[in-house]
> 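Let me begin by handing over the structure; questions about it come next.
We name chains A, B, ... by the order of the sequence lines, and we start the count at 1 in each one.
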Amino acid sequence: MARRAQPLSPAAGYGAALLVAALILGTLAAVALRAEPGRGLVTADWAAVRFTLVQASLSALFSVALAVPVARALARRRFAGRNLLIALLGAPFILPVIVAILGLLAVFGRAGWVSDALGLFGLEPLSIYGLHGVVLAHVFFNLPLATRLILQGWQEIPAERFRLAAQLDADARAMWQLLEAPMLARVVPGALAVVFAICLSSFAVALTLGGGPRATTIELAIYQAFSFDFDLGRAALLSAVQLLLTALAAMIALRAPVGEGFGSGLDRMLRRWDGRGAMARGFDGFWILFAALFLLLPLLAVVLSGLPGVLSLPASVWQAAGASILVAGASTLILLALALPMALAAALGRPLPMEIAGLLGLAASPLVIGTGLFILIYPVASPFALALPVTALVNAVMALPFAMRILIPAARDVITRHRRLALSLDMTGRPFILWVVLPRMRAQIGFAAGLAAALSMGDLGVIALFADPEVATLPLQVYRLMGAYQMQAAAGAALVLLCLSMGAFWILDRGGRWHAEA
Amino acid sequence: MKYSVFAAGLLGASAAFAETPELTVYTYDSFVSDWGPGPAVEKAFEEVCGCDLKLVGAGDGAALLARIKLEGNRSDADVVLGLDTNLTAAAKDSGLFADHSVSAEFDLPIAWEDATFVPYDWGYFAFVHNADADVPGDFKSLAASDTRIVIQDPRSSTPGLGLLMWVKAAYGGEAPTIWEGLADNIVTVTKGWSEAYGMFLEGEADMVLSYTTSPAYHLIAEEDASKAAASFAEGHYMQVEVAGKLAASDQPELADQFLQFMVSDAFQSVIPTTNWMYPAVTPEDGLPTGFETLITPEKSLLLPADQAAAVRDAALDEWRGALSR
């Protein structure tokens, strides 16, 4: 592609990508350099690599395969409470793992609602332990994200396209071939890569629902190397394997056809003329109902178990909630400062390095980043004093891949559409960002910011390593309460966390769409 | 750049308050929580030491040791509280700990002789179940039964490692056969105690690996007598929790004072109903009402620290091998 004149310079984006790569690879190097000669990778580690690959591939396939019809149904239908439903569907993604697992067990466990119902018919209770349990839980976590990413793709098809297709009397099949399938070919590989990368570093989910040592993931092997054997070299090596796998997956997935997109529309309200038949209605209804039941029942279980404890929560929980809000806010700002320039740089030129820099954040083991930062920070400052800033920074890097998937397509569209006009008006740099980019991308910025805030609110990666007793975040406090037999208080605190995450997501996501039709 | 300015500010701040010496104790998370012994211990010790006691939670026992090794000689910690005998050999090998000067009459089921580590509480691992359930009385009948249990992974939790040692101490070379028999009883293996105990309370399993003292929590704090611990004929493996002083401590006298305080009545009397373990030295007023209802194992099993460290890796391989089939 010949270099074209551009209204923006990608330099800031390259700078941000470099910073992210330096943080992740730098911490990895710090851990590796501190290592004494260890025993290297053992047979069991390769078994862990195999299991990790299998479960992550299956989880990504199922999550995305289910997300396509769900997103299609949500894109075609308008009904009361649709926005609320879409917001609620995002909740599983941001729950602390242990809370989500208990919620899932309340529904699908041996003593859960489904098993109880089966018992009424004299059937055996379900068993969700094993590979299928791991995949089920990962679909529960990632279906919402995959749905939102794909739904975004549907919403980016200009309304004029649908109008034109309707005027040409295109039936649902033609609509699919002309508009929907090409869009999916663009969006699905990225969604697959993101979900795969998330599941790659799964640890507590895979362990708890995997049923035993067979379900050992790389992340557990890293944990073992770190705290059971104190073999930092092996931890670093395993972490490098994990990074490599993600980078490979990303390269394969992102090589998929990019295409020219759908060109510009006039931002008209989206109206659909297809999918009016009874069959289509029934089909869409089924998928919406399926997603709602699958995702909301476990959440309902979390709410029901949390309600009795929520009124008698100790002050420490509210303090922790304050700390979490602070971290989430800071993390969201850092994320936007990194992701926006990176997304714009990707839209201006070569997207692959940006995507990979972004995905690294997912594949890096929080334990290794945390330990690496600890080694780096320790000589200059007290890790305790930096617990919250470091958590905010790492959470921002972890949310980066999601933000990139959300922002890049929108950035690409804005630049393609407005590049020529802006250049002819000599509007470049700051004015272009302020007057053209930000207003056009605010829905995506809001969505990305909401996700980042919510994710950061529920994250327990690094804080555990740096935590100071006085400044625990809410997820850490949930674990501490459970560890002290305070299951009731823990359930209450988990409900508070759920509300905070949902609230943060709702406010930012809605904020981005204020006075805009989505 | 910003960080070093920040750090300078912190250093300046701590220099300004240097009149009150600060004793930093690293411990596990549940020790410092509102319901743990932390708040009471801090208050009681600060009344007598003229110092500021800073309790820092750092994960669980294994993570605690990793943390200390990571910080090495430059650690801020003066005392580490919360290792158990499965970890003390590795801790001693690190050369980071100094010998203690504590003398006390310990009330442990075993003789305690360790120049470096001082025990502050102990307990027996046990499978906890609903009191009305009919449960097996040893590992072999457990393996033969269809009782469902949930256990913790030895690689990520101290109780999980404790169970590994329990089977090893009771059965030695026969341990792999026992694990093979248990494989179909194990509902799942969790990362830590909290997940496993939560799953048990939700009804996912008939029994959960915990402590003989767990039913005391339900009885005393929740007035709920519905939980009991199964008594196993092989005997029960013990967990002895210890603390040690770091050789590089800048407050060695205060650290010694803390270790001595740790075995005194003020500390020991809060242990039973906050850490839900047996105190290492029985307080003058005895154990709280409710503890007399707990089972008392006929045999106490405990591998000496060096032996526990020596068999650890092999036992882990056996465990993994038997359960991966």
Side-chain angles (χ1 to χ4, degrees), chain A residues 34 44 47 98 101-102 105-106 109-112 127 129 133 203-204 207-216 220-221 223-224 226-230 232 314 316 371 374-375 377-382 384-386 464-465 467-469 472 476-477 479-487 489-490, chain B residues 3-4 6-7 10 28-30 32-36 38 54-60 62-63 65-67 69-71 74 76 90 148 153-156 161 183 186-195 197-199 201-205 214 217-218 221 274 276 313 316-317 319-320 323-324:
Chain A
R34 258 300 296 272
I98 185 171
I101 289 179
L102 289 179
L105 288 178
R110 301 187 64 102
S127 169
Y129 303 99
F203 170 15
L207 186 55
T208 308
L209 294 175
R214 238 177 319 187
T216 297
L220 172 63
Y223 191 92
Q224 182 194 348
F226 179 68
S227 80
F228 186 87
D229 299 325
F230 199 67
L232 292 182
S316 59
T371 307
F374 192 95
I375 292 169
I377 290 174
Y378 194 63
V380 265
S382 156
F384 299 130
L386 295 177
L465 205 66
D468 182 308
L476 185 59
Q477 195 66 17
Y479 272 83
R480 283 185 178 171
L481 287 168
M482 288 193 83
Y485 288 99
Q486 302 297 318
M487 305 294 171
Chain B
Y3 284 163
S4 50
F6 193 31
L10 282 172
Y28 44 77
D29 269 336
S30 61
V32 299
S33 82
D34 286 357
W35 287 270
K54 201 176 166 212
L55 289 167
V56 175
D60 74 337
L65 180 58
R67 170 70 161 269
K69 284 185 178 172
L70 209 55
E71 295 187 356
R74 298 184 34 255
D76 282 340
R148 292 165 310 166
D153 198 302
R155 295 166 290 181
S156 57
L161 186 55
I186 297 170
V187 172
T188 196
V189 178
T190 66
K191 171 175 175 272
W193 180 90
S194 305
E195 287 93 339
Y197 210 78
M199 288 174 73
L201 292 179
E202 296 287 322
E204 284 301 299
S214 296
Y217 167 77
H218 297 282
T274 54
W276 301 101
D313 287 345
L316 181 67
D317 284 342
W319 174 83
R320 191 164 34 202
L323 293 190
S324 291

> Could you tell me if the side chain of A:Y479 sits less than 4.5 Å from the side chain of B:E195, heavy atoms only?
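In short, these two side chains touch, coming nearer than 4.5 Å.
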
> Indicate yes or no for a side-chain donor-acceptor contact from B:E204 to the backbone of A:A111 under 3.5 Å, with no hydrogens or angles considered.
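Here the side-chain-to-backbone pair exists.
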
> Heavy-atom distance under 4.5 Å between the side chains of B:V187 and A:Y129, does that happen here?
yes

> Which bit of A:Y378 is near chain B, if near means a heavy-atom gap under 4.5 Å: side chain, backbone, both or neither?
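Contact with chain B: backbone and side chain both.
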
> Name the region of B:L65, side chain, backbone, both or neither, that has any atom closer than 4.5 Å to a heavy atom of chain A.
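Neither part.
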
> Can you tell which of B:E71, B:H218, B:M199 has the highest number of heavy-atom pairs within less than 4.5 Å of chain A?
B:E71

> Checking A:A47 against chain B: side chain, backbone, both or neither under 4.5 Å from a heavy atom?
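Contact with chain B is absent: no heavy atom of A:A47 under 4.5 Å.
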
> Side chain, backbone, both or neither: which part of A:L232 has a non-hydrogen atom closer than 4.5 Å to chain B?
side chain

> Give, as side chain, backbone, both or neither, the part of A:Y485 having an atom under 4.5 angstrom from any heavy atom of chain B.
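Both backbone and side chain of A:Y485 come within 4.5 Å of chain B.
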
> Can you name the closest pair of heavy atoms from A:G212 and B:V189 and give their distance?
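Closest approach of A:G212 to B:V189, heavy atoms only: CA-CG2, 3.7 Å.
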
> So which of A:R34, A:Q486, A:M487 has the biggest tally of heavy-atom pairs under 4.5 Å with chain B?
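Of the candidates given, the most pairs with chain B belong to A:Q486.
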
> Give the C-alpha distance, both sets of side-chain angles, the deciding distance and a yes or no for side chain to side chain donor-acceptor pair (under 3.5 Å) between A:T216 and B:R155.
CA-CA 10 Å; A:T216 297; B:R155 295 166 290 181; 3.1 Å; yes

> Can you name the closest pair of heavy atoms from A:F230 and B:A66 and give their distance?
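A:F230 and B:A66 have their closest heavy atoms at CE1-O, 3.3 Å.
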
> Contact part of B:T274 toward chain A, heavy-atom cut-off under 4.5 Å: side chain, backbone, both or neither?
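Contact with chain A involves no heavy atom of B:T274 at all.
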
> Quick one: are B:K191 and A:F203 in side-chain contact, heavy atoms under 4.5 Å?
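They are in side-chain contact.
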
> Side chain, backbone, both or neither: which part of A:L105 has an atom under 4.5 Å from a heavy atom of chain B?
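Contact with chain B: backbone and side chain both.
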
> For chain B, which of A:P379, A:S127, A:G112, A:A490 has the most heavy-atom pairs under 4.5 Å?
A:P379

> So, for A:S227 and B:A62, which heavy atoms are closest and what is the spacing to 0.1 Å?
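For A:S227 and B:A62, the tightest heavy-atom pair comes out as O-CB, 3.6 Å.
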
> If we only count heavy atoms from C-beta on, is the A:I375 to B:L70 side-chain gap below 4.5 Å?
yes

> Determine the option with the most heavy-atom pairs under 4.5 angstrom with chain B, choosing from A:A484, A:A215, A:P314.
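Sorted descending by pairs with chain B, the first entry is A:P314.
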
> If I take atom CG from residue A:L102 and atom CD from residue B:E202, how far apart are they, to the nearest 0.5 angstrom?
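Atom-to-atom, A:L102:CG and B:E202:CD are 5.5 Å apart.
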
> Going by the rule side-chain contact (heavy atoms from CB on, under 4.5 Å), which residues pair with B:A221 if we only count those two or more places apart in sequence or in a different chain?
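B:A221 satisfies side-chain contact (heavy atoms from CB on, under 4.5 Å) with B:Y217, B:W276 once adjacent residues are dropped.
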
> So, taking the atom named CE in A:M482 and the one named CG in B:L201, what distance separates them when rounded to the nearest 0.5 Å?
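So the gap between those two atoms works out to 8.0 Å.
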
> Between B:T188 and A:L207, what is the shortest heavy-atom contact and its length?
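Looks like OG1-O, 3.8 Å.
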
> Between the side chain of B:S33 and the main-chain N/O of A:L481, is any donor-acceptor distance below 3.5 Å?
no

> Considering non-hydrogen atoms only, spot the tightest contact between A:P213 and B:L323 and give its length.
CG-CB, 3.4 Å

> For residues B:D34 and A:S316, report the shortest heavy-atom separation together with the two atoms involved.
OD2-OG, 2.7 Å

> State which residues pass side-chain hydrogen bond (donor to acceptor under 3.5 Å, both in side chains) with B:D313; sequence neighbours excluded, sorted by chain then number.
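Result, side-chain hydrogen bond (donor to acceptor under 3.5 Å, both in side chains) vs B:D313: none returned.
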
